[in-house]
Amino acid sequence: MERKVRVRFAPSPTGPLHIGGVRTALYNYLFAKKHGGDFILRIEDTDQNRYVPGAEEYIIESLKWCGITPNEGVGFGDGPHASYRQSERMAIYRQYAEKLVDNGFAYYAFDSEVELDALRKQMEAEKSAFSYNSKTRKQLVNSLTLSADEVEKRIHAGDSFVVRLQIPENEEVVVHDLIRGEVRVHSSQLDDKVLFKSDGMPTYHLANVVDDFLMQITHVIRGEEWLPSAPLHVLLYRYLGWENVMPKFSHLPLLLKPDGNGKLSKRDGDRLGFPVFPLNWKDPVTGELSSGYRERNYIPAAFNNMLALLGWHPSGDQEIFSMEELIHDFSLERVSKSGAKFDPEKTKWFNQEYLRHEPIEKLVSLLKPMIVETYKIAEGDKRLTNEYLSKVVTLLLDRVQFENEFAEKGSYLFIAPTQYDQDIITKKWKPGFENFFNALSAEYGMMTSFTTADIDAKNKETAAANQLKPGEILQLLRVLMSGSGTGVDLLGMMELFGKEEVITRLNTGVNKIMQSMAAKSDHSK
RNA sequence: GGCCCGUUCGUCUAGGGGUUAGGACAUCUCCCUUUCACGGAGGAAACGCGGGUUCGAUUCCCGCACGGGCUACCA
């Protein structure tokens with residue numbers, strides 16, 4: 001019987017979700033949607049010591065921002081398997097731990113953490129490693145070495161204990177991984193992992209397997225860091241009697257830091273100047289701030305697209321994918337096996353591509369509040385009209401990567417310059433140009449139509465009348481208009497300004513330049 | 001240390017027993033252009049090493065090297 005595809009993203013609320021986590025969520029989501037299945041968000045908060053306030057909300061908000069929407073789960077409306085928060089499912093896990101003990105697959109262990117730590121230290125000193133396993137468990141304090149009475153007595157007395165899985169001594173455990181094929185591990189390499197902690201909480205291993213079973217998860221898609229414990233999970237399914245409905249495993253390659261090697265970590269962002277988090281995050285304890293893609297003005301779809309291609313590749317050469325296209329093309333078989341270094345530059349490129357294809361009206365509405373804020377322009381001003389702003393957007397679109405750059409890079413489109421690029425003036429301004437630009441200003445004043453074509457014709461005509469080539473005066477005209485030697489299309493900019501503003505800027509500019517030249521020559525006298 | 005996973009341009013990757021080893025980002029050159037971008041054209045740039053198997057290996061196998069992950073009563 002084909003089961004309905006059900007996958008889950010199961011983060012631990014120990015801090016902000018980083019982009020590796022978002023990618024895992026994305027792949028789960030794409031896989032679920034591709035197969036008409038369900039995507040579930042489950043919060044794995046079985047370690048109360050590591051709980052970070054706000055982390056859960058952060059995870060939910062991040063998924064929302066990305067458009068990776070679970071069908072069931074914390075923050076998205078519970079489904080038939082509520083709760084989706086493991087701390088609220090505590091009552092469930094103990095019975096499974098006990099069932100394992102009863103069936104001889106697990107045992108109670110009374111060794112304290114202190115004792116075990118000492119053992120680890122001691123073994124380390126002897127240059128080997130301590131492992132609680134088939135070899136050592138016979139020398140330790142547990143229900144395998146203690147009499148049944150003694151065990152009973154200790155438990156009733158309230159002695160703290162854990163439940164450990166009794167790993168078989170000599171068995172090959174095979175994990176079938178959809179990305180990596182068969183992974184074989186000999187059971188002698190596994191240790192008797194704690195399933196149930198002395199604080200009454202299950203460990204990840206137990207909770208995860210129990211919940212995946214109960215929630216009818218069909219595919220486990222998670223990071224490669226889980227691969228070493230996958231054989232343990234296989235054993236758990238077997239001993240719990242669930243092997244026939246065991247999910248299929250896929251272990252995703254890790255996201256690596258752009259420089260050097262190693263798993264991408266929280267620190268790398270600050271160190272290298274790019275966000276590793278989807279959203280801004282303020283550490284509630286240290287107050288430390290980490291920047292997010294959302295606040296850096298990334299478009300969520302661009303962010304998703306970038307993430308999707310980091311470790312997965314479509315069958316063709318296409319790189320820009322809508323979410324629908326990603327869902328259509330996604331397959332676990334085409335997920336690569338090796339870790340991917342994160343590339344912040346390419347991430348910017350994705351955003352630029354998306355920005356260029358945004359509807360102008362949308363960019364205008366984004367731009368407007370930024371302009372009001374940045375340049376303190378009052379409502380009703382010509383520069384805040386849709387007509388003006390759409391032209392601004394069009395002029396700037398090819399030279400920005402992020403929406404906030406419209407305001408920054410287009411300052412001169414809103415505010416007349418007060419300074420003029422001195423290098424260009426020094427290089428290009430010739431005696432007599434004052435007269436030429438005054439003449440040009442007067443010519444502009446007589447124009448009745450002020451389009452790019454009109455301006456272009458007038459510029460050329462006036463230049464020719466003064467025995468000048470367009471190349472000699474155009475960049476100066478640009479400096480007079482914007483103060484800068486570089487920028488958006490000159491004619492387009494002038495049309496945007498309109499005749500009055502152009503004349504004002506021209507006259508003001510010429511005056512200022514002449515004044516500063518006069519001042520200079522005074523000094524040199 | 002042990003176990004597991006991996007290894008194609010600087011980066012993300014395609015490919016796969018015989019290919020001019022393909023694309024994208026970044027980079028360089030040229031063209032377009034008043035400038036800067038955009039765009040266009042082109043360039044440089046990769047199969048970790050050693051053994052097999054084979055007529056032939058970058059592709060399959062084995063070693064090695066290197067990288068990474070895991071090795072908690074964390075997830």
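Here the structure is a predicted model, which means the values were calculated and not measured. Each chain gets a letter, A, B and so on, in the order its sequence line appears, and its residues count up from 1.
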Using OP1 and OP2 only, check whether a side-chain N or O of [X] sits under 4.0 Å from [N].
X: K263(A); N: rG67(B); result: no
X: R23(A); N: rC12(B); result: no
X: K197(A); N: rC74(B); result: yes
X: S229(A); N: rC70(B); result: no
X: T46(A); N: rA75(B); result: yes

Once you round it to whole Å, what is the distance between [atom2] of [N] and [atom1] of [X]?
X: L254(A); N: rG69(B); atom1: CG; atom2: C1'; value: 6 Å
X: L310(A); N: rU11(B); atom1: CG; atom2: C1'; value: 10 Å
X: M306(A); N: rC25(B); atom1: CE; atom2: P; value: 16 Å
X: M481(A); N: rU35(B); atom1: CE; atom2: P; value: 18 Å
X: K409(A); N: rU35(B); atom1: NZ; atom2: P; value: 18 Å
X: K193(A); N: rC70(B); atom1: NZ; atom2: C1'; value: 9 Å
X: I59(A); N: rA75(B); atom1: CD1; atom2: C1'; value: 11 Å
X: D398(A); N: rU35(B); atom1: CG; atom2: P; value: 16 Å

For the [atom1] atoms, the ones on [N] and on [M], what distance do you get once it is rounded to whole angstrom?
N: rC9(B); M: rG1(B); atom1: C1'; result: 36 Å
N: rU7(B); M: rG43(B); atom1: C1'; result: 28 Å
N: rC32(B); M: rG40(B); atom1: C1'; result: 8 Å
N: rC60(B); M: rA72(B); atom1: C1'; result: 41 Å
N: rC28(B); M: rG15(B); atom1: P; result: 30 Å
N: rG16(B); M: rC25(B); atom1: C1'; result: 24 Å
N: rC62(B); M: rA21(B); atom1: P; result: 27 Å
N: rU33(B); M: rG68(B); atom1: C1'; result: 48 Å

Please determine, for [N], whether a Watson-Crick or G-U wobble partner exists with both distances under 3.5 Å, and give it or none.
N: rC66(B); answer: rG6(B)
N: rG1(B); answer: rU71(B)
N: rA44(B); answer: none
N: rA57(B); answer: none
N: rU35(B); answer: none

Treat primed atoms plus P, OP1 and OP2 as sugar-phosphate and everything else as base, then score nucleotides 1-8 of chain B 5' to 3': B for base contact with protein heavy atoms under 4.0 Å, S for sugar-phosphate contact only, - for none. BSSSBSS-
For every nucleotide of nucleotides 39-45 of chain B, 5' to 3': is a protein heavy atom under 4.0 Å from its base (B), only from its sugar-phosphate (S), or from neither (-)? S------
Charged N to carboxylate O below 4.0 Å: is that the case for [X] and [Y]?
X: K391(A); Y: E495(A); value: yes
X: K337(A); Y: E224(A); value: no
X: E124(A); Y: K121(A); value: no
X: R50(A); Y: D47(A); value: yes
X: K458(A); Y: E461(A); value: yes

Candidate nucleotides [options], ranked by approach to the side chain of [X] - the nearest:
X: W226(A); options: rA75(B), rU13(B), rC25(B); value: rA75(B)
X: V194(A); options: rC73(B), rC12(B), rA24(B); value: rC73(B)
X: W349(A); options: rU13(B), rC38(B), rA24(B); value: rA24(B)
X: V162(A); options: rC73(B), rU35(B), rG69(B); value: rC73(B)
X: D489(A); options: rC25(B), rU13(B), rU34(B); value: rU34(B)

Does the cation-pi check pass for [X] over [Y], that is, NZ or CZ under 6.0 Å from the six-membered ring centre and within 45° of its axis?
X: R164(A); Y: Y132(A); result: yes
X: R94(A); Y: Y96(A); result: no
X: R42(A); Y: F9(A); result: no

Do W281(A) and Y58(A) have ring centres separated by under 6.0 Å?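 Yes, ring centres under 6.0 Å apart.
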Are the ring centres of Y27(A) and F330(A) closer than 6.0 Å?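 Yes; F330(A) has its ring centre under 6.0 Å from that of Y27(A).
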RNA chain B: 5'-proximal contact among D117(A) and V400(A) (nearest heavy atom): V400(A)
First of G485(A) and Q401(A) reached from the 5' end of RNA chain B, by closest nucleotide: Q401(A)
Considering every strand and a 4.0 Å limit on heavy-atom distances, what is the contact class for [X]: base, sugar-phosphate, or nothing?
X: N49(A); result: nothing
X: R222(A); result: nothing
X: G487(A); result: base
X: S128(A); result: nothing
X: L490(A); result: base
X: T486(A); result: base
X: G311(A); result: sugar-phosphate
X: D111(A); result: base

Classify the side-chain pair S87(A)/D45(A) by whether it contains a donor and acceptor separated by less than 3.5 Å.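 Side chains of S87(A) and D45(A): pair found under 3.5 Å.
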With respect to Y93(A), which candidate in T46(A), D211(A), T203(A) satisfies the side-chain hydrogen bond (donor to acceptor under 3.5 Å, both in side chains) definition? D211(A)
Measure the shortest side-chain to side-chain distance between I513(A) and F433(A) over non-hydrogen atoms and say whether it is less than 4.5 angstrom.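 They are not in side-chain contact.
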Heavy atoms of other groups near H328(A) NE2, more than 12 under 6.0 Å: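 Counting neighbours around NE2 of H328(A), 12 or fewer heavy atoms of other residues, nucleotides or ligands fall under 6.0 Å, so no.
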